[in-house]
Amino acid sequence: MRDKLREIKERDYWCYGLSLDDFDWTFDLARRLVDAHITLFRQEAAEARRTSVLPPDILDEALSDTGYYTYVDTEYVWHFCLWRLQGILEGLIVSRFLPSQLPGLRGLRAKLEAMRAASYTLSTDDYDELLAWSKLRNALSHAPPERVRPGPLEQADVLEYKDFAKKVCLLWQQEHESRSKAGQP
């Protein structure tokens with residue numbers, strides 16, 4: 001590993017820091033990557049249909065296989081998107097809402113407990129839901145699905161998580177701004 005990467009800190013790569021806009025930007029990036037990959041497949045399939053000397057049934061079988069692997073590729077984009085979205089959530093907690101506790105907070109559960117201890121609003125249902133999403137993200141990170149079978153995570157699931165995490169952070173942002181105006185940490 002290069003020395004520059006060995007001890008990297010947020011200050012080494014952040015210019016403005018994370019914001020709530022990073023949730024939408026990340027999801028939109030993933031959606032654009034998926035759309036571009038599907039568009040490329042469709043263009044290549046149309047070109048193959050136009051120029052192929054193979055009988056249509058054999059060409060259709062070949063394109064069916066290529067279409068399946070295009071689908072598999074796009075499903076993995078949603079895994080990566082979920083991973084980054086949770087990183088944004090955790091990054092906002094330690095950089096925006098609880099920056100003084102940055103060195104000591106390891107894992108989402110500790111960060112959520114610290115948010116509660118700092119009197120930020122977090123219902124039991126939201127707490128449990130955030131931990132359930134974290135458990136899924138951890139499962140996909142530490143024992144990822146095999147290459148050709150991406151598992152059940154879909155775009156709609158990641159959209160649900162993005163909207164949920166952003167909703168929680170919007171509430172915390174409002175509370176943070178109120179505290180700042182009142183001169184509270």
Side-chain angles (χ1 to χ4, degrees), residues 1 5 8-48 63-98 102 105-109 111-112 115 122 125-174 176:
M1 176 184 280
L5 299 178
I8 198 165
K9 303 280 188 258
E10 293 86 358
R11 68 177 175 271
D12 298 326
Y13 54 84
W14 277 353
C15 181
Y16 304 107
L18 293 171
S19 76
L20 282 103
D21 292 337
D22 284 296
F23 286 114
D24 292 321
W25 179 86
T26 297
F27 186 84
D28 187 55
L29 172 64
R31 186 191 46 75
R32 286 183 286 123
L33 290 170
V34 165
D35 290 350
H37 198 54
I38 291 169
T39 297
L40 179 61
F41 165 71
R42 288 179 179 155
Q43 290 170 345
E44 290 173 348
E47 179 67 12
L63 290 175
S64 174
D65 289 347
T66 304
Y68 173 75
Y69 290 110
T70 297
Y71 161 78
V72 167
D73 291 349
T74 63
E75 289 301 287
Y76 279 113
V77 171
W78 299 115
H79 291 224
F80 304 142
C81 186
L82 176 64
W83 171 78
R84 179 168 166 80
L85 290 171
Q86 184 172 335
I88 293 166
L89 171 71
E90 293 191 43
L92 285 169
I93 290 171
V94 297
S95 68
R96 178 167 295 200
F97 306 124
L98 301 173
L102 174 62
L105 296 177
R106 301 252 189 263
L108 182 61
R109 184 181 306 273
K111 291 174 178 90
L112 296 178
M115 290 296 287
L122 183 61
D125 287 346
D126 287 353
Y127 177 90
D128 292 343
E129 185 77 7
L130 286 169
L131 290 180
W133 280 105
S134 177
K135 183 178 176 183
L136 171 63
R137 193 285 316 255
N138 288 343
L140 295 173
S141 295
H142 300 298
E146 58 192 329
R147 178 174 51 93
V148 297
R149 299 194 59 210
L153 186 68
E154 300 172 353
Q155 176 179 342
D157 301 316
V158 178
L159 177 60
E160 175 187 336
Y161 175 72
K162 185 228 11 137
D163 290 344
F164 171 64
K166 186 176 177 184
K167 175 196 76 145
V168 171
C169 286
L170 280 168
L171 174 59
W172 292 342
Q173 179 65 32
Q174 292 167 351
H176 180 74

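Predicted, not measured: the structure shown is a model, and the values here were computed from it.
Every residue two or more places apart in sequence or in another chain was checked for a salt bridge (charged side-chain N to carboxylate O under 4.0 Å, His left out) with Arg137, and none qualifies. Scanning for side-chain hydrogen bond (donor to acceptor under 3.5 Å, both in side chains) contacts around Gln43 gives an empty result, with sequence neighbours left out. Residues passing the side-chain contact (heavy atoms from CB on, under 4.5 Å) test with Ala48, sequence neighbours excluded: Leu59, Leu63. Residues satisfying the salt bridge (charged side-chain N to carboxylate O under 4.0 Å, His left out) criterion with Arg32, sequence neighbours excluded, are Asp28. Scored by the side-chain contact (heavy atoms from CB on, under 4.5 Å) test, Arg42 finds Ile38 as partners (sequence neighbours excluded). Listed by chain and number, the residues in a side-chain hydrogen bond (donor to acceptor under 3.5 Å, both in side chains) with Trp133 are Glu129 (sequence neighbours excluded). Lys135 is linked by a side-chain contact (heavy atoms from CB on, under 4.5 Å) to nothing, counting only residues two or more places apart in sequence or in another chain. Every residue two or more places apart in sequence or in another chain was checked for a side-chain contact (heavy atoms from CB on, under 4.5 Å) with Tyr16, and none qualifies.
Taking both residues in full, the closest heavy atoms of Asp22 and Gly17 are given as OD2-O, 4.3 Å, listed atom of the first, atom of the second, then distance. When all heavy atoms of Lys111 and Leu105 are compared, the pair lying nearest together is NZ-O, 3.4 Å. In plain terms, the two heavy atoms of Phe23 and Ala165 that are nearest each other are CE2-CB, 3.8 Å. Of all the heavy atoms in Arg96 and His176, the pair that sits closest is O-CE1, 3.3 Å.
Of the inter-residue distances, the one linking Leu85 atom CG with Leu89 atom CG reads 9.5 Å to the nearest 0.5 angstrom. Remark: Asn138 CG to Gln86 CD distance equals 6.5 Å, nearest 0.5 Å. Going from atom CH2 of Trp25 over to atom CG of Asp21 covers 12.0 Å, rounded to the nearest 0.5 Å.
Considering only heavy atoms from C-beta on, Asp126 comes within 4.5 Å of Leu122 through its side chain.
For the side-chain hydrogen bond (donor to acceptor under 3.5 Å, both in side chains) condition, the pairs that include at least one residue of residues 154-163, sequence neighbours left out, are Asp24-Lys162.
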Anything under 3.5 Å between a donor and an acceptor, one on a side chain of residues 65-84, the other on a protein residue two or more places apart or in another chain? List them.
from, atom 1, to, atom 2, distance (Å)
Thr66, OG1, Ala62, O, 3.1
Tyr68, OH, Val148, O, 2.7
Thr70, OG1, Thr66, O, 2.9
Asp73, OD2, His37, NE2, 2.9
Thr74, OG1, Tyr71, O, 2.7
Tyr76, OH, Pro145, O, 3.4
Tyr76, OH, Glu146, O, 2.4
His79, NE2, Pro150, O, 3.0
Arg84, NE, Thr26, OG1, 3.0

If you apply the rule side chain to side chain contact (heavy atoms under 4.5 Å, CB included), what do you find for Trp172 with Leu92, and how did you get there?
CA-CA 10 Å; Trp172 292 342; Leu92 285 169; over 6 Å; no
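Without hydrogens or angle criteria, Asp128 side chain to Asp125 main chain gives no donor-acceptor distance under 3.5 Å.
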